[in-house]
Novice: 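Got a structure for you, questions after.
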Amino acid sequence: MSYAAYKMMHWPTGVDHCAAGFVTHSPSDAAAFFTAATVGPGPEGDIDSAAAASRPRRLGPSPNLVVAAANVLEVYAVRAETAAEDGGGGTQPSSSSGAVLDGISGARLELVCYYRLHGNIESMTVLSDGAENRRATIALAFKDAKITCLEFDDAIHGLRTSSMHCFEGPEWQHLKRGRESFAWGPVIKADPLGRCGAALAYGLQMIILKAAQVGHSLVGEDEPTCALSSTAVCIESSYLIDLRALDMNHVKDFAFVHGYIEPVLVILHEQEPTWAGRILSKHHTCMISAFSISMTLKQHPVIWSAANLPHDAYQLLAVPPPISGVLVICANSIHYHSQSTSCSLDLNNFSSHPDGSPEISKSNFQVELDAAKATWLSNDIVMFSTKAGEMLLLTVVYDGRVVQRLDLMKSKASVLSSAVTSIGNSFFFLGSRLGDSLLVQFSYCASKSVLQDLTNERSADIEGDLPFSKRLKRIPSDVLQDVTSVEELSFQNIIAPNSLESAQKISYIVRDALINVGPLKDFSYGLRANADPNAMGNAKQSNYELVCCSGHGKNGSLSVLQQSIRPDLITEVELPSCRGIWTVYYKSYRGQMAEDNEYHAYLIISLENRTMVLETGDDLGEVTETVDYFVQASTIAAGNLFGRRRVIQLIYEDSTKERYDCTKASLKKEAGDSIRIVELAMHRWSGQFSRPFLFGLLNDGTLLCYHAFSYEASESNVKRVPLSPQGSADHHNASDSRLRNLRFHRVSIDITSREDIPTLGRPRITTFNNVGGYEGLFLSGTRPAWVMVCRQRLRVHPQLCDGPIEAFTVLHNVNCSHGFIYVTSQGFLKICQLPSAYNYDSYWPVQKVVRPLNQVLSSMADQESVHHMDNDVTSTDALHKTYTVDEFEVRILELEKPGGHWETKSTIPMQLFENALTVRIVTLHNTTTKENETLLAIGTAYVLGEDVAARGRVLLFSFTKSENSQNLVTEVYSKESKGAVSAVASLQGHLLIASGPKITLNKWTGAELTAVAFYDAPLHVVSLNIASFFLETSEPAAPSPGPPDPLNLSAMVLFEQQQQQNSQQAVKNFVLFGDIHKSIYFLSWKEQGSQLSLLAKDFGSLDCFATEFLIDGSTLSLVASDSDKNVQIFYYAPKMVESWKGQKLLSRAEFHVGAHITKFLRLQMLPTQGLSSEKTNRFALLFGNLDGGIGCIAPIDELTFRRLQSLQRKLVDAVPHVCGLNPRSFRQFHSNGKGHRPGPDNIIDFELLAHYEMLSLDEQLDVAQQIGTTRSQILSNFSDISLGTSFL
């Protein structure tokens, strides 16, 4: 394997940053829309929407939510539903309706736009000047010192770069002051009035971003804007402030404060740094300094400061007006400071104060606020989300502008948050990397009836990791309960002065959730519970699923991921020669049933020369002879018209009659080519704010998707829809206005099907409004796929279990509620339902198994017994008053039935202070009985602090069946080790154990492990991998001509399972392990002589995270991921001079992933037509990272690599990249200041290549011609790699 491809399959889901602001519309637009009673397009360009119902006065204009997850940027609109509405959110589980709070019955997040960037977002803020007719600008910061400002452009209905500021390169090298690495990237924050922004880069360089005057914006410069449109805040220029010149050494945080004519920047910094051993003598080392920023004169005088702040101060919060000032958040105390007054609050007994300081009030409970996230719910109430998942409310008690004291109260429990932001005055968003991110509505006062409704609901904390069926369908009634009691919080809110004399209730309701499967610490690949043993080919891959360890702490869970959908089968019948199926409604079958729940009356089946009609009652009965349908010929299409009052049927009369092709004129350059549009579909799904989607299917299998929006391009079109004297809109003029202003923007959709579709073929696109609570379309063909519309976002989920599908339709009757029917190419008609246990509003269908787990460390799956293991940690209450002792246990869970619950079948408790590090299923050869045994191996470590030498244990357990067919787990071996057991693996019947810096190979006697070989690692082994091959020795392999082939395995075949060996086979075993600091080592195991010897190693310094072998036919490569988010591929070539006589592993490729990869899993690639070659022994690596992303690294042949590499280099310049980021710079190896010699560029980036399909047809043809290939060849390579890595 000399070349590889990097491809993301499941993008990051863990939220790193979030912010709120009026990005897509201005506050005046939102206020006018929410209070209007006339028909007209909304602020998002709403098409054909009904009159907007009046919202509660408290809701007010709702800003957008901007979310960043690693390199993914998403902009959402908050759609609230009032109690008077009937819920226009459709039937998706994500649409919320339920308990009424403050006049709002539900709310949901609806996607406006999203982007995958060529760089991880380090910091984010929203720049807003507070004007009613001005939009906000999104400011993003990237490593090392890149800042990009984005504003919403109505012309493209998306974000466009308005300004870029880069302080990198040779001319800015002096800013680093000789340093090559920094602990964190740039941090950016905005002035409350939008006058400027500030970014801290390189530790002590403050970048000031000056905002332009009103009227200057990108859209205003490029295109004529309408008189009523709003412009966005735009950055005009930037300059630097060197904080070293201001006598600052260590800047911890900064913030802009309110209430000043000019922007005032308060900086929290440490003059004389201290550490834990010097706390007794140096404990108040921090101070804050307030600078008045004069951007015209570029001066920044100090106007006030405060010293003697605790050393553990880490965050500043600007207090909103009319109070103003700043809150200094410390781990053990909170301090308020302004130019005239100050006060403090102690949080626990660890807080200290300078000598001579006045007495400080203390909180009535003990809490630590380190790593807490905060947001303001009102001008005097700030909410903290602590590291333990508790929500605390801090009230700033003031009189006028004088703060009297600070009061802290416990509130509710929440997810472990990584970012928090308020959205208007009724919602806040809890972003999390460790659990599901939550949209929460809060209310200061609620009526008694509402409070009774809320308290009658299920009592639970605001946990994002509830079962999907309950959390996503009943989320509105999930009320946040108090940590210590079910009583509502009470605190005071009097305007001037405020106090705590009269208490006021605060209520919370979780309205929506964004699912997160990260961080992925470990995962297993095994058979599904409903696997089909008779499946063949690509359909066999749908038998497998991933069981992942997700989350952390109380948000720990198991996530079951499936790349494809396997429906729940109700019944199937044989039906050959089927051309199409349709279900229709009929008025006599309606009865008193609501239209949304109306049953279908007939199933129309088109055969080769006739039409069959079945009645969809309790049973499917044929009524072909008794209905009024035309059944003597094949049916083209059938459906309902006029509100389901009529049924229309289209039939064939002359099969040779040509149909008019309305699409030839739209493809100019391809007039003489074979590219044509064979099918069009346009549909608008439910929802007041929904916009139509347009789908076009090309004859080469490409599916194009466009999303409609409304845009008024000139001032002549800027006029509201006129009203009739009765106050109603003129629908004729409204329709003309909407059509005149109708535009479409291209939407990326990941459909890998590549097949020749005839122009006169049967329709392949079938839209549906309610299948299992979801809406979207189904694409039939050789690789059928579901395209589900969730939050106005397309989620593509293939269905491969039955192979090609000829026809599809929905079915809703007594026996199949909101199900569907499809006909396979083998001639079987199947009636099915979507599995209800899975959530499809994600990149892959996912089921989160939420159990009372405090921490999930490791998991694995045995394909025969379908067991899953996880580790749980609980706390003992007896020692809680002094200190917490973690007690771990390993639980064995089993799935009772497909789609059911996971039940704990057995638990394995750990000893006091013992922590399970690794859990694996191993196959050992019993030297006594001469048989192979499958055992559960557990490696542990005792965590006793740095003063006690590390030690651990190796545990072996066996599985047996009891008389009632229950699995029994029995301990068969236990032995203590001198070091922590970090990894275990089975090697040809032996057990390989990594214990600290030593690797030992042990044979199993049935009762004891006996060491037969060992190898001393440098420091600490973090990963261990095995590769076994058998060599055909009957005919020796001929030497290959040319340069020496690195580790030529031309006569070797991967030895995956235990096989019977004969005299003509010799087994070769290789061991790869990664060290915590000393990179990777490549070992060989020879059973003759019991030698575990070193073949080669990497002499560089590398902090390994995960390692694995990559096999491409006769070539063996070694892959490692590191702490700097890189991936390196090495190879062993002892005959090459650069290898130092075989001692050094050579670099084959290197690549910056942008995420910490925690595990590689080697899986065999599927054979495809384009990748078929002599290399049948080809494996790819599936990986998971801490951001919740899943991807693969796959070997490719040289011809494909050269072609796609040329395309990749062309796309760097041919595609306008969001935020102006350079993809080549992002993918370069990041050494983080360490010495590194650049390696070969032998990995292609499919994240960049994916932009090729988003180009116009002319651009695709031009780019393909410039690199000497064709568009069809490029798309064929894309499809082959996607199909070859369809592991699930």
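Here, residue 1 is the first one in the sequence, and each next residue gets the next number.
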Novice: Going by atom types only, do Gln649 and Thr635 share a side-chain donor-acceptor pair under 3.5 Å?
Specialist: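 Yes, side-chain donor-acceptor contact under 3.5 Å.
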
Novice: So, the side chain of Thr624 versus the backbone of Val613: is there a donor-acceptor pair under 3.5 Å, distance only?
Specialist: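 Yes, because the side chain of Thr624 sits within donor-acceptor range (under 3.5 Å) of the backbone of Val613.
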
Novice: Would you say Glu110's side chain and Val78's backbone share a donor-acceptor pair under 3.5 angstrom?
Specialist: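 Checking the backbone N and O of Val78 against the side chain of Glu110, no donor-acceptor pair under 3.5 Å is found.
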
Novice: Look at the side chain of Tyr602 and the backbone N and O of Tyr585, then say whether any donor-acceptor pair between them is shorter than 3.5 Å.
Specialist: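 No, Tyr602 side chain to Tyr585 backbone: no donor-acceptor pair under 3.5 Å.
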
Novice: Just by distance, no angles: are the side chains of Asn543 and Arg566 close enough, under 3.5 Å, to form a donor-acceptor pair?
Specialist: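 There is such a pair between these side chains.
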
Novice: Under 6.0 Å from the ring centre and within 45 degrees of the ring axis: does the NZ or CZ of Arg793 meet both conditions for the six-membered ring of Tyr114?
Specialist: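 Yes.
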
Novice: Is there a donor-acceptor contact under 3.5 Å from the side chain of Glu903 to the main chain of Leu893?
Specialist: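 Checked: no pair found.
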
Novice: About how many Å separate CZ of Arg511 and CG of Leu438, when rounded to the nearest 0.5 Å?
Specialist: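 Leu438 CG to Arg511 CZ: 13.5 Å, rounded to 0.5 Å.
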
Novice: Measuring from atom CD1 of Ile749 to atom SG of Cys705, what distance do you get when rounded to the nearest 0.5 angstrom?
Specialist: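 Interatomic distance, Ile749 CD1 to Cys705 SG, rounded to 0.5 Å: 5.0 Å.
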
Novice: Would you call Phe820 and Ile831 a side-chain contact if the rule is heavy atoms closer than 4.5 Å?
Specialist: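 Counting from C-beta outward, Phe820 and Ile831 never come under 4.5 Å.
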
Novice: Could you state the interatomic distance from CG (Asp802) to CZ (Phe828), rounded to the nearest 0.5 Å?
Specialist: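 These two atoms lie 10.0 Å from each other.
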
Novice: Are the aromatic ring centres of Phe744 and Phe709 under 6.0 angstrom apart?
Specialist: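 That pair fails the under 6.0 Å test.
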
Novice: Do the side chain of Ser690 and the main chain of Trp685 share a donor and acceptor less than 3.5 angstrom apart?
Specialist: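 Such a contact is found between Ser690 side chain and Trp685 backbone.
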
Novice: Any chance you could lay out the ring-ring contact (aromatic ring centres under 6.0 Å, His included) test for Trp582 and Phe808, step after step, and finish with the verdict?
Specialist: CA-CA 8 Å; Trp582 303 268; Phe808 174 92; over 10 Å; no

Novice: Between Tyr544 and Tyr525, how do the two ring planes meet: parallel, tilted or perpendicular, split at 30° and 60°?
Specialist: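 Aromatic pair Tyr544/Tyr525 classed parallel.
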
Novice: Within the distance-only criterion (no hydrogens, no angle test), does the side chain of His797 pair as donor or acceptor with the backbone N or O of Tyr840 below 3.5 angstrom?
Specialist: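 Yes, because the side chain of His797 sits within donor-acceptor range (under 3.5 Å) of the backbone of Tyr840.
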
Novice: Does Arg644 come within less than 4.0 Å of Glu598, counting only side-chain N to carboxylate O?
Specialist: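 Glu598 and Arg644: salt-bridged.
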
Novice: Would you say the side-chain atoms of Asp512 pair up with the backbone N or O of Leu439, donor to acceptor, closer than 3.5 Å?
Specialist: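 No; judged by distance alone, with no hydrogens or angles, the pair does not exist.
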
Novice: Within the structure provided, determine whether Lys848 and Ser559 are in side-chain contact (heavy-atom separation under 4.5 Å).
Specialist: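 They are in contact (side-chain heavy atoms under 4.5 Å apart), so the answer is yes.
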
Novice: Do Ser686 and Glu775 have a side chain donor and acceptor closer than 3.5 Å?
Specialist: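 Note: Ser686 and Glu775 side chains meet the donor-acceptor criterion.
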
Novice: Pairing donors with acceptors under 3.5 angstrom, does anything connect the side chains of Arg764 and Ser780?
Specialist: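 Judged by distance alone, the side chains do not pair up.
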
Novice: Does either side chain, that of Gln562 or that of Trp844, offer a donor lying less than 3.5 Å from an acceptor on the other one?
Specialist: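 Trp844 and Gln562 do not have a side-chain donor-acceptor pair below 3.5 Å.
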
Novice: Atom CG of residue position Asp619 - does it have more than 12 heavy atoms of other residues, nucleotides or ligands inside 6.0 Å?
Specialist: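 Result for CG/Asp619: open.
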
Novice: Give a yes or no answer on whether the side chain of Thr13 reaches the backbone of Val517 with a donor-acceptor pair at less than 3.5 Å.
Specialist: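 Pair found, side chain donor or acceptor close to backbone of Val517.
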
Novice: Is a side-chain donor or acceptor of Glu679 paired with a backbone partner of Ile765 at a separation under 3.5 angstrom?
Specialist: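 Yes; at least one donor-acceptor contact below 3.5 Å.
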
Novice: Between Ser634 (side chain) and Leu607 (backbone), is there a donor-acceptor pair under 3.5 Å?
Specialist: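 Side chain of Ser634 to backbone of Leu607, a donor-acceptor pair under 3.5 Å: yes, one is there.
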
Novice: Regarding Asn640 and Tyr586, is there a side-chain donor-to-acceptor distance under 3.5 Å anywhere?
Specialist: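 Not at all, the side chains of Asn640 and Tyr586 share no donor-acceptor pair under 3.5 Å.
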
